[in-house]
Amino acid sequence: YFDLPGAGGCNETYENINRATLLLPQIDDEDEGLKPVNEFPLWNLSNYPTSGQVIKKTVSVPEWQAPENQQNVNPDIILYVVAPHRGFVREDGKYLRSLLRQQTKQSKQNKVIFALNIFYASDGSKITTQANLEDTTEKITTIFQEFYPHEPVPIVEVNCLTGTGVNQITQLMCQMLPDNKIGN
């Protein structure tokens, strides 16, 4: 699997790395200090659990996006994690439309699972409100149905800190993946 950097981090370049890896148009916005990337770092952690070794290399965007490479790296599932307490704003909607538009070009079957990450304060009180969840779910559903009007929206509430909801994500993955991919 690939853990793509998102735009929520401290480095806005992650937005274009994410876009480049998913074959989405990159953002070129000089006012925001965001320029398209020509290459990005790729860390291979597949041997890390046994060897403690991280294999690092730099991949050019044309190399990554080449059709022969896409046969190996095109995602079977995209887990789209959202923090509902931060709102699902216009820019989020633009990104989601772009992602779903690209995915429908590659496959008629949806590959995206939405994980609404529920946040809690250190005292255990819930930060994410019901209104946050309803608003985010409504916006995601509206956009999703533009591209997949006859499919249920695969949305799961999770707590990434405790792992609550991971079983539901796994069930959805097993329903979406072809039999030959399950267990691999």
Would Phe144 and Leu96 satisfy side chain to side chain contact (heavy atoms under 4.5 Å, CB included), going step by step from the backbone distance to the final call?
-> CA-CA 8 Å; Phe144 182 86; Leu96 179 55; 5.7 Å; no
Phe114 and Val153: side chain to side chain contact (heavy atoms under 4.5 Å, CB included), yes or no, with the steps?
-> CA-CA 8 Å; Phe114 300 94; Val153 186; 4.1 Å; yes
Candidate pair Val59 and Phe40, rule side chain to side chain contact (heavy atoms under 4.5 Å, CB included), full reasoning | CA-CA 6 Å; Val59 179; Phe40 56 88; 4.2 Å; yes
Report the C-alpha distance between Thr170 and Asn167 in whole Å, list the side-chain angles of each, state the deciding distance to 0.1 Å, and finish with yes or no for side chain to side chain donor-acceptor pair (under 3.5 Å).
-> CA-CA 5 Å; Thr170 304; Asn167 288 342; 5.1 Å; no
For Phe147 and Arg101, what are the C-alpha separation, side-chain angles and deciding distance, and is it a side chain to side chain contact (heavy atoms under 4.5 Å, CB included)?
-> CA-CA 7 Å; Phe147 297 90; Arg101 187 175 299 112; 3.8 Å; yes
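A distance-only check finds a donor-acceptor pair linking the side chain of Asn117 to the backbone of Cys160 [under 3.5 Å]. A donor-acceptor pair is defined here as one N or O able to donate and one able to accept, closer than 3.5 Å; no such pair exists between the side chain of Ser125 and the backbone of Ala121. Side chain of Ser98 to main chain of Lys94: no donor-acceptor pair is present (N/O by atom type, distance under 3.5 Å, no hydrogens or angles). The backbone N or O of Thr21 lies less than 3.5 Å from a partner atom in the side chain of Trp64, making a donor-acceptor pair. Put simply, the side chain of Asn44 never gets that close to the backbone of Val54: no donor and acceptor are under 3.5 Å apart. In terms of modelled atom types and a separation under 3.5 Å, the side chain of Lys111 and the main chain of Pro75 share a donor-acceptor contact.
There is a path of hydrophobic side-chain contacts, each under 4.5 Å, that joins Tyr14 to Val73.
Here the closest non-hydrogen pair linking Ile77 and Met176 is CD1-CB, 3.7 Å. In this structure, Thr162 and Asn159 approach most closely via the heavy-atom pair N-OD1, 3.1 Å. Taking each heavy atom of Pro41 and Ile17 in turn, the nearest pair found is CD-CD1, 4.4 Å. Here the shortest heavy-atom pairing between Ile118 and Leu133 reads CD1-CD2, 3.3 Å. For Gln102 against Leu23, the heavy-atom pair with the smallest separation is OE1-O, 3.3 Å. The two residues Val61 and Val37 have their closest heavy-atom pair at CG2-O, 3.4 Å.
The CE atom of Met173 sits 13.0 Å away from atom CD of Gln168, with the distance rounded to the nearest 0.5 Å. We find the OH-CD1 distance between Tyr80 and Ile140 to be 7.0 Å, quoted to the nearest 0.5 Å. To the nearest 0.5 Å, the span separating OG1 on Thr128 from CZ on Arg86 amounts to 10.0 Å. Here the straight-line distance linking atom CG of Leu34 with atom CZ of Arg19 works out to 8.5 Å at 0.5 Å rounding. Between the CG atom in Asp76 and the NZ atom in Lys181 there is a gap of 3.5 Å [rounded to 0.5 Å].
Looking at Ile143, Leu100, Leu22, Ile27 one by one, the single match for side chain to side chain contact (heavy atoms under 4.5 Å, CB included) with Tyr95 turns out to be Leu22.
Among residue pairs with one or both ends in residues 141-157, those qualifying as side chain to side chain donor-acceptor pair (under 3.5 Å) are Arg97-Glu146; sequence neighbours excluded.
Within 6.0 Å of atom NZ in Lys126, more than 12 heavy atoms from other residues, nucleotides or ligands are found, so the atom counts as buried in its surroundings. For Asn38, the CG atom is loosely surrounded, since the number of other residues' heavy atoms within 6.0 Å does not exceed 12.
Contacts of Lys139 classified as salt bridge (Lys or Arg N to Asp or Glu O under 4.0 Å), with partners at least two apart in sequence or in another chain: Asp135. Residues forming a side-chain hydrogen bond (donor to acceptor under 3.5 Å, both in side chains) with Gln103 (at least two apart in sequence, or on another chain): Gln106.
Residues Val158 and Val166 are not in side-chain contact: their nearest non-hydrogen atoms beyond the backbone lie 4.5 Å or more apart. Residues Ile113 and Ile78 form no side-chain contact, since every pair of their non-hydrogen atoms from C-beta on lies 4.5 Å or further apart. Counting heavy atoms from C-beta outward, Leu116 and Thr137 have side chains that approach closer than 4.5 Å.
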